[in-house]
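First the structure, in the form of structure tokens, and then the observations on it.
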2 protein chains.
Amino acid sequence: MVMIPKRPFRPPAVTAREKLLDAAVLLVRAQGFAATSVDQLCGEAGVTKGAFFHHFPSKEALGVAAAQYWSASTGAFFAEAPYHARPDPVDRVLGYIDLRLALIGGQVESFSCVAGTMVQEAFRSSAAIRMACEASIMGNAAALEDDLACAIHQCGVTGTNAMSLARHVQAVIQGAFVLAKTQPEENSANLAREQLAHLRRYFTLLFHRDGEETAP
Amino acid sequence: MVMIPKRPFRPPAVTAREKLLDAAVLLVRAQGFAATSVDQLCGEAGVTKGAFFHHFPSKEALGVAAAQYWSASTGAFFAEAPYHARPDPVDRVLGYIDLRLALIGGQVESFSCVAGTMVQEAFRSSAAIRMACEASIMGNAAALEDDLACAIHQCGVTGTNAMSLARHVQAVIQGAFVLAKTQPEENSANLAREQLAHLRRYFTLLFHRDGEETAP
DNA sequence: ATCAATATACCAACCGGTTGGTATGGTGCA
DNA sequence: TGCACCATACCAACCGGTTGGTATATTGAT
């Protein structure tokens, strides 16, 4: 069992700006970006509207900042994770998947992705938000690329490459969150974990690690 | 190359109700549910607000109806598809994936999923919409279950089951759409196809069809 | 060391426009 | 004559954003 802190990866917020970004992460995960009003964000953050528009020129700008904030938080968390120390690159890749598996639990809004949620609504209406979400998700993928490249080389995998596989990891994670959101609360985590387990199996087959599969 | 009609799988709308449902599919795909206003829906459908609230008691009810409409349209389309006639169950499963691959092209909003988009925003705020989207996505999964069960039996696959694999197909598809939305228009289709190609490879490995992989 | 000048952080009240939704009236077909 | 279908006119609540203003911290010249 892994700790899933309510405000993950960070000390408590102090400035109004940080409180607003925390509120954005919370509310966007639960309701999406469009359905979250500026008043609601201020209420959740315990801050007035004046403070909001002092720190952000528009609601859209907050969306961009929230994606970057999210990216920095999660990026730091995964950079510190202990699986990086494993000697075998395949073990490191599977270690990443296992860590993501361990992070899934409780309500959907506690493990889902802010960038993935936001880009679904804003990809056409706001290029700035779309690009910030792209940077977040692709940044997450890039953090896996080196290990995947080593694993591909070591196992002699052909017909694909590290970047493509890294993106697929993110795709399965995002898809897992979408499926989880279709479920009543008590099933959502299990359904999400099931997807990561299939991804794990794909990788054990690809990297010839048969026999150590976990059954989805 | 496969026909991707602007209004997929259906003859042109005639009644106000159907025109509104078409407008809902179009606008929800492009902007999401919350960001789409009733006025906008009426404008796109060429119908007045009176007609809207004659056919639907609320915007939420339209969301539910749109998910069901979407489900019925796509369900009918895949039920008619020719891959069902293939004798080998693994071929039928791969045929489904290839069909989905062929459907991906052009702008994201022309191949993305209404149910997947809507559930991301509404899963917490509207149980009715959440359940309608669940029915749509899981109905799509169920259409694959029989073929997957045959394939699993035929190839002696252990450690998973048809339902779980069918859900994973949907998860990868939904994840592919999310990733596609992070991209500028010209890359989105390719990125989505890449995910389906990985899914295809997972299945060829699982069902021992190595050698016929398409490179992602 | 002092104090005016300036910048930063924040607040309460307010604005015009838009929102989902309603009340009512007309019209064509059974 | 009745009722499904739709159009027009309208509403209160809420939307993102602006206003004028205050409290506090920082700076720079004396």
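By convention in this document, chain letters (A, B, ...) are assigned in the order of the sequence lines, proteins followed by strands, and residues within each chain are numbered from 1. A quick note: this is a predicted structure, and the numbers were derived from the prediction, not measured.
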Given atom [atom1] of [X] and atom [atom2] of [N], what is their separation to the nearest angstrom?
X	N	atom1	atom2	answer
Phe56(A)	dT18(D)	CZ	P	15 Å
Leu41(B)	dT19(C)	CG	P	11 Å
Gln40(A)	dG17(D)	CD	P	16 Å
Glu60(A)	dC15(D)	CD	P	19 Å
His55(A)	dG17(D)	NE2	P	16 Å
Phe52(A)	dA12(C)	CZ	P	17 Å
Glu18(A)	dC10(C)	CD	C1'	17 Å
Phe53(B)	dA9(D)	CZ	P	18 Å

- Does the side chain of Ser37(A) get closer than 4.0 angstrom to OP1 or OP2 of dC15(D) through an N or O atom? yes
- Message: Strictly below 4.0 Å: does His54(B) bring a side-chain N or O up to OP1 or OP2 of dC5(D)?
- Response: yes
Measuring from atom [atom1] of [X] to atom [atom2] of [Y], what distance do you get when rounded to the nearest 0.5 angstrom?
X	Y	atom1	atom2	value
Thr204(B)	Leu94(B)	OG1	CG	7.0 Å
Tyr202(A)	Leu199(B)	OH	CG	9.0 Å
Arg17(B)	His54(B)	CZ	NE2	10.5 Å

Where the side chain of [X] is defined as all heavy atoms beyond and including C-beta, which of [options] is the nearest nucleotide?
X	options	answer
Asp39(B)	dG17(D), dG21(C), dT19(C)	dT19(C)
Lys59(B)	dG16(D), dC10(C), dG21(C)	dG21(C)
Ala51(A)	dG16(D), dT8(D), dC11(C)	dC11(C)

- Note on the structure: Walking DNA chain D from its 5' end, the first of Ala35(A) and Gly50(A) to be reached, judged by nearest nucleotide, is Ala35(A)
- State whether the side chain of Arg130(A) and the backbone N or O of Phe123(A) hold a donor-acceptor pair below 3.5 Å, judged by distance alone. no
- Test item: Ser110(B) side-chain N/O and Gly106(B) main-chain N/O as donor-acceptor pair under 3.5 Å: no
